[in-house]
Amino acid sequence: MNSFVKKILIVEDEEKIASVVKSFLESKGFIAIVAENGKKALELFDKESIALVLLDLMLPEISGEDVCRTLRRKSKVPIIILTAKSDEADMLQGLGIGADDYITKPFSLKALYARIEAVLRRSVDDLPSLLTKKAFNNGHLTIDYESYYVTSAGEEVKLTPNEYKLLVALTRYPNKVFTRDELIASAFGTDFEGYDRTIDSHIKNLRQKIEVDPKNPCYVRTIHGVGYKFGGE
Ligand code: CA
């Protein structure tokens, strides 16, 4: 993780929710500031260096949607929408207002934190300084992150989107041991539908496609009792 403290802007007119989320984020080591309406949110955003915005949609005066569009016009800051209705949440992606993710109220702080971590991680992954192509084990496995092109032993490997996302998540942090939950959050953000164990079957299929010996994997290693780790060099 970065050594500097990240500042999160909470845009929420319900005082109780705002203060609970603020204390929680502070307990996790963030700086949290609250804007109780859209106008204040835009003012604070211009004044402060904000790493992430939590944005309620139903706000007085300027709506959350308009705040989101305005922010998006000037910044790539990660935005997570806090929404009260699940059908509203379903509509969000269609609205294309530029949010990175959303969470439906009432939400647990744990779930909110998982989304924040995933969104912040993705925004770090977007940095152009990252290599766009990597080769492992003397070129046995190659991944071109720009064209989604993977080869094993010189042959193109056709991965499903889920398998590809898992491989990318693992290779981005080659020394990290992921629990299933962490791997799900890192690979899929909140798009993942299914149980923790579903990930095991994606891993199994991924191994069939990239490993020399899928029963004795050298890339996607199982760390017993914990989860998975990338073992390529
Ligand atoms: Ca509200």
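Both ligands and their constituent atoms are indexed starting at 1 by order of listing. Below, all heavy atoms of this structure are taken into account, side chains as well, without hydrogens, waters or symmetry copies.
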Task: Stacked cation flag Lys22 on Phe24, 6.0 angstrom / 45 deg - done: no

- [ ] Decide whether a cation-pi geometry holds between Lys165 and Phe188; the criteria are a distance under 6.0 Å from NZ or CZ to the six-membered ring centre and an angle within 45° of the ring axis.
- [x] no

Open item on the list: Would you say Tyr219 ends up clustered with Tyr149 if hydrophobic residues are merged whenever their side chains have heavy atoms under 4.5 Å apart, either directly or through other cluster members?
Closed with: no

TODO: Please check if Ile210 and Tyr148 belong to a single hydrophobic cluster, counting links between Ile, Leu, Val, Met, Phe, Trp and Tyr side chain heavy atoms closer than 4.5 Å.
DONE: yes

Open item on the list: Please tell me whether Phe230 and Phe178 form a close aromatic pair, meaning their ring centres lie under 6.0 Å apart.
Closed with: no

- [ ] Look at the side-chain heavy atoms of Ile, Leu, Val, Met, Phe, Trp and Tyr, link any pair under 4.5 Å apart, and say whether Val20 and Phe30 land in one connected group.
- [x] yes

TODO: Keeping waters out of it, list the protein N, O or S atoms under 3.0 Å from the Ca ion (ligand 1).
DONE: Asp13 OD1, Asp56 OD2, Met58 O

